[in-house]
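Have a look at the structure below, then the notes.
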Amino acid sequence: MATAITWAQIAITCDLCLKSVQQFCNSCQIGLCRDCINKHVNDLSSRPHNIVPFTDRTVQLEYPQCSTHPKQKCEAHCEICDVPACIQCVTGPHKGHTVLDISGLIGRKKETIKNETNEIEKFILPKNKTLDILTDNKISLINSRFEDFEKQTKDQRKRWHLEVDNIFDKLNTRLHSLRDHHIAVLNSVKSQLSSQKCSMIQTVQQNKDILSLNRMSLINNYKSKLAEFRKSPYIPDLPQPSLQTNTEDGKHSVTIGRYTAKLTQTLMGDASFLPTMTLPKKSKVVAVIQTHVKKLCRVVCLLSTSAWVSGKGKFISLVGPEPQTVKSTCERFPSDLTINRQGELVYSDREHRAINIVKDGKTETLITTPTGWHPEGLHCSRSGDILASMGTTDSSQHKIVRYHGETVAQEIEKDEKGYPLFQRGKYALLLSENINEDIVASDQNADVMVVLDRRGKVRFRYNNQPPRGQKPFSPRQVVTNDITGHIIVVDARNSCLHILDQNGQFLRCVDDCGLENPTGLGVDSEGRLWVGFYLTGMVKVIQYLE
């Protein structure tokens, strides 16, 4: 193994031979053995010699050997050429140059070296040590932070995966909802075709009977239905959505139909579905329809061109290009109307405790409510269930019941503490279901709108006075928009419509379309609002999105 060797361990030899040094010539600055002293003095007899013991030597500046004149020592320094110079150099190659005494130059340089050494030892080395410690600390901090970043990226990866899964789960839900809507529209057309077919078969048989009996009175009283039969139901061309993705500028989104889902990227939380349609500052009336219905209360849209309406009396009317009238079983008026997924009309008959469906122009009873409970508000959900609100005979209690077929699947009446969710009173609890499966209930007895989740727990209540309204909130019929998830509710006292998002945030108020005493409200497949008026029996179709 190699070991460190100090100068004290190295034998110092004579500068003239290889024997150990014993003496030192201070004049010539060389080490000498005893045998070489006389030789050194004799060889340089013209120069004085100060011979002392080696331990008592005085080390003087040793001039460098001249590279041009080997026998000469360089005692000067050429400033211009920045090289040592001997006497011959000064009078020769460096003649005329600025020449400095090398001893003075060396003295200044030694002072510089001393100062620099001092600065290195006292300042730079301690600073280096401090910086080294600081660097180690930063390395440790970086390692720690990057470990945290790795954990965050793992967490973010999980969040992104969950968010992406949530986005496409919601897209699939939208697709299913859109598919069910399209099928419901076409099933409604099939229902109309079936009804027309039954009527035509019956008419054909009646006509054949008239011809076979050949009675003058029957022939004379014959009323032609040919013009009616020539009007075939309109089969709409339903728009088919296309799937589009966008990954430009680091922004990831997917669009299907009117819905756009955006990945929130570094933001945490649920993915949000944003409709491409927006709320303009003003709404506009695109159609006005006179229904001739007295005390019009209920409106439910069929397709984008028609709506069933009802008010005082037994009759329920379809207004639009192909008007129809259905005679209900109700003694005074239908409590509420709705449309199922097949496009068939469903209505509630409070007096007879019946929820009825109209098929081929004929009424059939779907559900009979328990004794003492009377059906009021209705809504057919996307799942095919029927949501029915009902009240007791004395109007002291109200509840919401979900029917799966004829089976009770859910009852919503009280909150978690056992208190009634809905106010007692004589007015019906009107219903709708939002695209997130929230149940929206318009409690006319309490003048409040109650929104419950799928399990029946209250998400929020709403009873705000509109911005320009002067009277307390007075809800009537309520709908939800399948395009945007908006909740739209009639405010009868303030003659306006409140528009909220699905979380209860007020968006705007429709009060600029001449809405005097509105009561009924429907939303069609294009997202337009059909507003019915109690006193005039008019229906206004309002475009509130663009």
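The first residue of the sequence shown is numbered 1, and numbering continues consecutively from there. What you see is a predicted model, and the numbers here were worked out from it, not measured in a lab.
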Exercise. Determine, step by step, whether Asn340 and Glu344 satisfy the side chain to side chain donor-acceptor pair (under 3.5 Å) criterion, reporting the C-alpha distance in whole Å, the side-chain angles of both residues, the deciding distance to 0.1 Å, and the verdict.
Key: CA-CA 5 Å; Asn340 66 10; Glu344 296 166 324; 2.9 Å; yes

Self-check item: Check against side chain to side chain contact (heavy atoms under 4.5 Å, CB included), Leu529 and Val541
Solution: CA-CA 6 Å; Leu529 303 176; Val541 182; over 6 Å; no

Practice problem: For Thr484 and His486, indicate whether the former's side chain and the latter's backbone hold a donor-acceptor pair under 3.5 Å. | Solution: yes

Practice problem: Report the C-alpha distance between Arg382 and Asp180 in whole Å, list the side-chain angles of each, state the deciding distance to 0.1 Å, and finish with yes or no for salt bridge (charged side-chain N to carboxylate O under 4.0 Å, His left out). | Solution: CA-CA 7 Å; Arg382 292 168 189 79; Asp180 292 346; over 6 Å; no

Quiz prompt | Under-4.0 Å salt bridge between Asp447 and Arg493 | solution = yes

Quiz item: Can you name the nearest heavy-atom pair linking His404 to Ala409, along with the distance?
Solution: CB-CB, 4.2 Å

Practice problem: Give a yes or no on whether the backbone of Leu162 and the side-chain of Asn166 come within a donor-acceptor separation of less than 3.5 Å. | Solution: no

Practice problem: Mind checking the CG-CG spacing from Leu429 to Leu378? Nearest 0.5 Å is all I need. | Solution: 11.5 Å

Quiz prompt | Gap between atom CD1 of Ile439 and atom OG of Ser381 - 0.5 Å precision | solution = 9.0 Å

Quiz item: Is the closest side-chain donor-acceptor distance between Gln423 and His398 under 3.5 Å?
Solution: no

Quiz item: Just checking, any donor-acceptor pair under 3.5 angstrom between side chains of Gln205 and Asp209?
Solution: yes

Quiz item: Do other residues, nucleotides or ligands put more than 12 heavy atoms under 6.0 Å from the CZ atom of Arg332?
Solution: no

Quiz item: Under a 4.5 Å cut-off applied to non-hydrogen side-chain atoms, are Asn187 and Lys190 in contact?
Solution: yes

Quiz item: Is the shortest heavy-atom distance from the side chain of Leu521 to the side chain of Trp530 under 4.5 Å?
Solution: no

Self-check item: Asn481 versus Leu545, closest heavy-atom pair with distance
Solution: ND2-CD1, 3.7 Å

Quiz item: Looking at Lys399, Arg350, Lys426, which one forms a salt bridge (charged side-chain N to carboxylate O under 4.0 Å, His left out) with Glu376?
Solution: Arg350

Quiz item: Have Asp360 and Ser194 got a donor and an acceptor in their side chains that come within less than 3.5 Å?
Solution: yes

Practice problem: For side chain to side chain contact (heavy atoms under 4.5 Å, CB included), just list the numbers for Asn517 and Arg476, CA-CA rounded to whole Å, side-chain angles, deciding distance to a tenth of an Å, and then say yes or no. | Solution: CA-CA 11 Å; Asn517 201 14; Arg476 293 295 183 267; over 6 Å; no

Exercise. Grab the two heavy atoms, one from Asp501 and one from Ile487, that are nearest each other, plus how far apart they are.
Key: O-CD1, 3.9 Å

Quiz item: Ignoring hydrogens and geometry, is there a side-chain-to-backbone donor-acceptor pair from Thr203 to Ser199 under 3.5 Å?
Solution: yes

Which atom pairs, one a donor and one an acceptor, fall under 3.5 Å between side chains of residues 288-296 and the rest of the protein, sequence neighbours left out?
unit_1 : atom_1 : unit_2 : atom_2 : d
Gln290 : OE1    : His292 : N      : 3.0
Thr291 : OG1    : Val293 : N      : 3.1
Thr291 : OG1    : Gly537 : O      : 2.4

Quiz item: Asp491 and Ser474: side-chain donor and acceptor closer than 3.5 Å?
Solution: no

Quiz prompt | Atom pair OG/CG of Ser495 and Asp511 - distance to nearest 0.5 Å | solution = 9.5 Å

Self-check item: Set of residues satisfying salt bridge (Lys or Arg N to Asp or Glu O under 4.0 Å) with respect to Arg528, sequence neighbours excluded
Solution: Asp524

Quiz item: Any salt bridge between Arg459 and Asp453, counting N to O under 4.0 Å?
Solution: no

Practice problem: Mark yes or no for whether Gln477, through its side chain, and Val299, through its backbone, hold a donor-acceptor pair below 3.5 Å. | Solution: yes

Quiz item: Between Asn434 and Gln502, is a side chain to side chain donor-acceptor pair (under 3.5 Å) present by the stated rule, with each step listed?
Solution: CA-CA 7 Å; Asn434 212 342; Gln502 57 188 324; 4.7 Å; no

Quiz item: Within the distance-only criterion (no hydrogens, no angle test), does the side chain of Thr338 pair as donor or acceptor with the backbone N or O of Cys380 below 3.5 angstrom?
Solution: yes

Quiz item: Ion pair present between Asp336 and Arg298, side-chain N to carboxylate O less than 4.0 angstrom?
Solution: yes

Self-check item: Spacing of NZ belonging to Lys540 relative to CE belonging to Met538, to within rounding of 0.5 Å
Solution: 7.0 Å

Self-check item: Min side-chain heavy-atom separation Gln444-Ser442 under 4.5 Å
Solution: yes

Quiz item: For the atom pair CD (Glu364) and CG (Asn356), what is the distance rounded to the nearest 0.5 Å?
Solution: 9.5 Å

Exercise. Could you tell me whether a side-chain N or O of Thr365 sits under 3.5 Å from a main-chain N or O of Ile367, the two making a donor and an acceptor?
Key: no

Quiz item: Checking Asn463 side chain against Met449 main chain: does a donor-acceptor pair fall under 3.5 Å?
Solution: no

Practice problem: Test Asp349 against Thr329 for side chain to side chain donor-acceptor pair (under 3.5 Å), laying out the working first. | Solution: CA-CA 7 Å; Asp349 181 345; Thr329 60; 2.6 Å; yes

Practice problem: Apply side chain to side chain donor-acceptor pair (under 3.5 Å) to Tyr347 and Ser335, showing your working. | Solution: CA-CA 7 Å; Tyr347 67 91; Ser335 293; over 6 Å; no

Could you tabulate the donor-acceptor pairs under 3.5 Å formed by side-chain atoms of residues 305-319, not counting sequence neighbours?
unit_1 : atom_1 : unit_2 : atom_2 : d
Lys314 : NZ     : Cys330 : O      : 2.8

Quiz item: Relative to the ring of Tyr462, is the ring of Phe473 parallel (under 30°), tilted (30 to 60°) or perpendicular (over 60°)?
Solution: perpendicular

Self-check item: Ile355 to Ala388 - nearest heavy-atom pair and separation
Solution: CD1-CB, 3.8 Å

Practice problem: For Thr480 and Glu433, work out which heavy atoms get closest and say how close. | Solution: OG1-O, 2.7 Å

Quiz item: Could Arg454 and Asp438 be called an ion pair, given the rule that one side-chain N must be under 4.0 Å from one carboxylate O?
Solution: no

Practice problem: Give the intermediate values and the outcome of side chain to side chain contact (heavy atoms under 4.5 Å, CB included) for residues Val539 and Phe533. | Solution: CA-CA 6 Å; Val539 170; Phe533 297 89; over 6 Å; no

Exercise. Kindly compute the distance separating CG (Leu218) from CD (Gln206), expressed to the nearest 0.5 Å.
Key: 10.5 Å

Exercise. Sequence neighbours left out, what pairs pass ring-ring contact (aromatic ring centres under 6.0 Å, His included) with at least one residue falling in residues 348-389?
Key: none

Quiz item: Do Leu431 and Val478 pass the side chain to side chain contact (heavy atoms under 4.5 Å, CB included) test, and can you show the C-alpha distance, the side-chain angles, and the key distance before you say yes or no?
Solution: CA-CA 7 Å; Leu431 304 175; Val478 61; over 6 Å; no

Self-check item: Qualifying residues under salt bridge (Lys or Arg N to Asp or Glu O under 4.0 Å), relative to Glu322, sequence neighbours excluded
Solution: none

Practice problem: Please identify each residue that fulfils salt bridge (Lys or Arg N to Asp or Glu O under 4.0 Å) with Arg157, with sequence neighbours left out. | Solution: none

Self-check item: Closest non-hydrogen atom pair, Val479 against Gly522
Solution: CG1-CA, 3.9 Å

